[in-house]
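This report concerns only the one structure given below.
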Protein chains: 2
Amino acid sequence: MQPQLSRRQSTILKLIVQEYIRTGRAVGSKSLLERYDLGVSPATVRSEMGELEEQQFLAHPHTSAGRVPTDRGYRYYVEYLLDDTSLPVPEQITIRHQFRQVEAQVESWAKLAAAVLADLSGNLSLVTPPRSSVERMRHFELISLRSRVVLLITVTQAGTVREVILPLTEEIGQEQLSALSQRLNPLIRDLTHEQIRRLAEGAGDLPGLVLHQIADVLRLAEQEAQSEVIAEGLDYVLQQPELGHGALAQRLLELLRGGAILSVLIPQLKTGEGVQVIIGTENRAAELHPFAVVLASYGARGHAAGFLGIIGPTRMRYGRSISTVRYVSQVMTDLLRDIYETDDEERSHHERGR
Amino acid sequence: MQPQLSRRQSTILKLIVQEYIRTGRAVGSKSLLERYDLGVSPATVRSEMGELEEQQFLAHPHTSAGRVPTDRGYRYYVEYLLDDTSLPVPEQITIRHQFRQVEAQVESWAKLAAAVLADLSGNLSLVTPPRSSVERMRHFELISLRSRVVLLITVTQAGTVREVILPLTEEIGQEQLSALSQRLNPLIRDLTHEQIRRLAEGAGDLPGLVLHQIADVLRLAEQEAQSEVIAEGLDYVLQQPELGHGALAQRLLELLRGGAILSVLIPQLKTGEGVQVIIGTENRAAELHPFAVVLASYGARGHAAGFLGIIGPTRMRYGRSISTVRYVSQVMTDLLRDIYETDDEERSHHERGR
DNA sequence: GATTGGCACTCCACGATGCCGAGTGCCAAC
DNA sequence: GTTGGCACTCGGCATCGTGGAGTGCCAATC
């Protein structure tokens, strides 16, 4: 869609979108002029509105109602009419500060990100924890919980930590377990689950069991990366008058169960394209047609990565949502870089940060 | 409250509660007799109903409506009128089967429990992951992520695994880190965070840093045990007609944010008392007055433990909820026992299981 | 040719009205 | 103690009328 509207039409569309987002009521020519002086009469505005409706940017709920933006109208608004603001600095500082509190615990990043997104946008937020699509082994440990029950802890290259319980057929002491892990660890460092499984075939009884389990864990971690999602701000969903009453909110919550929403969203996500906005029927999944989605990925290049975003009614504050998503994704990317990046990269990054 | 109703009054109360739970509409004398033959006329039922209302077991929404159970009415029903059924065996088998799938991953137990509770009860479920109120150290590992960034993994006696990132001032190789952990691990096994912190004081630079961090992690784990909660079945909340429309559902969701609901519920939870039912205004917290809570704790004696339960409208299927909560709590307790119990205990437990 | 004021028309939201059905409470009779 | 009868009550629902906001069109004007 190219910009194809006259200056005045653009102005009117912009005001109608803003006004509708603000009030939630269809906007009429007169009431629009009461708030904004356009230097023309209602009749003129009406004729322009008629033109905009002709071109599918606006719609009437019914004959004697005002105009409401269509998905196409929102799209044009987001594309060409939105003042490209970034998040206010005080809020940036607050966010950075909050993240600093949990800097050390990687698992809490995603939770915090979800909370921040929800609170700042006033919408439902979704965040996937940082994961790698191909998990490679970093390190594992065997810890004796009690006789014949061992805890296997695996750390992947991407920093994901997993633990599984390993029942053994015979009793094996902590010393033996430590020796085993010391022997195996160097062998499987940086290998994928397939490679480890191949190794397991040739190995002895106990090592074979352990290696098999490790391979399983790695494979599982990759699978879960496709389905684990943290959501926050459910209460905001109900605050939306247009969603709260109908069965719409319920549908949305159902989509969240078991991360089903991810398989709906991911196919549409273009990685590394900054913030993406998907409005109403632009969503491939029909369930999401009543909603707008603001998405971004974070992390980078084969390292741990994920995506985050917010979902709300198409009548959402796009400017605010986009700047929030953009900023939080940046913060998450920075955090990940601080862990995995080589020193060179890190230095240049910190310089950029000033 | 002692049983204080005549046989016929009890029957009528029971039928009214059941009928109201089934239909959600106030129950009248005539419509009650249409479904159930009590061998008496509507007028008789009416007079009994009047008596029950007198005693606060029933209430009228308005003059010409049927009767609705009061919280007191539900209480009497749960206490004396409920047929004490256990969960149907096929469902028991399904649940056991589902847990067997994730047996090895301790972290997924709570999630699964929440999903099962929600699906079987058709209500919102809450589950806290198994935690110990006094965390003691089991084992830790140091893993070099990259130069000067180390991942510290701690495993507590209760089996909780935590990871934190440790920035160092100077570069230290994996070999040195492994040596350090091998030296320190035996020293701090089974210690609390306070004891470890005391040890840290006298230790050298790096060991001191590590021990301090470990103590922090332990302390944090204890704190989080008080606030971490998994909820499932939010969509069911909205299906409840009496909640979906009002702002009530929203209030409930707000309570869930950040585990605030735990601090509301825990003070009222008596541990080791089987399944507890808290109905409406019996809840100390006013926010929960519109709801009924079915709660149980699981786990045992200083080991990892937690609680689980469901929250729904006071008009809930108490029989089903209670039996579900009871069964799932039993399953969780069994699972934990299989990990931590000594072999003796385990044997007798398995024998009981047959 | 664009803009404007005027005007008829449309339709929703909202309150008032009336009716029906379900339910109650009471009472006299059994 | 139980019953049938009866007057009464009240919410729910449909119907109706009104007012306001908004539109579309057109002829007049700049």
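All chains are named by letter (A, B, ...) in the order of the sequence lines, taking the proteins before the strands, and each is independently numbered beginning at 1. Since the model is a prediction, treat every value here as computed from it, not as a measurement.
A straight line from NZ of K30(B) to C1' of dT3(D) spans 15 Å, rounded to a whole angstrom. Following rounding to the nearest Å, E19(A) (CD) and dA21(D) (P) show an atom-to-atom distance of 15 Å. Protein atom CG of L38(A) is 11 Å distant from nucleotide atom P of dT4(C), rounded to whole Å. When rounded to the nearest whole Å, the span between CG of L52(A) and C1' of dT23(D) equals 15 Å. Rounding to whole angstrom units, CD of residue E51(B) and P of dT2(D) are separated by 12 Å. With rounding to whole Å, R7(B) atom CZ is found 19 Å from dG1(D) atom C1'. Per the geometry, NE2 belonging to H62(A) stands 10 Å off P belonging to dG22(D), to the nearest Å. For E48(A) and dG1(C), the CD to P distance is 17 Å, given to the nearest whole Å.
Nucleic acid contact for R8(A): sugar-phosphate only, since backbone atoms but no base atoms lie under 4.0 Å from a heavy atom of the residue. A65(A) comes within 4.0 angstrom of sugar-phosphate atoms only, judged by non-hydrogen atoms across all strands, and of no base. Across all strands, S31(B) comes closer than 4.0 Å only to sugar-phosphate atoms, never to a base (heavy-atom distances). Counting any heavy atom pair closer than 4.0 Å across all strands shown, S29(A) reaches sugar-phosphate atoms only and no base atom.
The aromatic rings of F57(B) and Y76(B) stand perpendicular to each other, their planes meeting at an angle above 60°, with 30° marking the opposite boundary.
Within a 6.0 Å sphere centred on CZ of R25(A), heavy atoms belonging to other residues, nucleotides or ligands number 12 at most.
Phosphate contact (OP1/OP2 of dG24(D), side-chain N/O of H60(A), threshold under 4.0 Å): present. When the side-chain nitrogen and oxygen atoms of S64(A) are compared with OP1 and OP2 of dT23(D), none of them lie within a distance under 4.0 Å. A sub-4.0 Å separation between OP1 or OP2 of dT23(D) and a side-chain N or O of R67(A) is present. Side-chain N/O atoms of T63(B) include none lying less than 4.0 angstrom from OP1 or OP2 on dT9(D).
Judged purely by atom type and a 3.5 angstrom limit, R75(B) uses its side chain to pair as donor or acceptor with the backbone of V277(B).
Side chain of M49(A), nearest nucleotide from dT4(C), dT23(D), dG5(D): dT23(D). Residue A43(B) has its side chain nearest to dG4(D) when only dT4(C), dG22(D), dG4(D) are considered.
The base of dG6(C) sits within donor-acceptor range of the side chain of R46(A), with an N or O pair under 3.5 Å.
Side-chain contact check for Y327(B) and E91(B): no donor-acceptor pair (N or O, by modelled atom type) lies under 3.5 Å.
Every side chain to side chain donor-acceptor pair (under 3.5 Å) that H60(B) has, sequence neighbours left out, goes to E53(B), R67(B).
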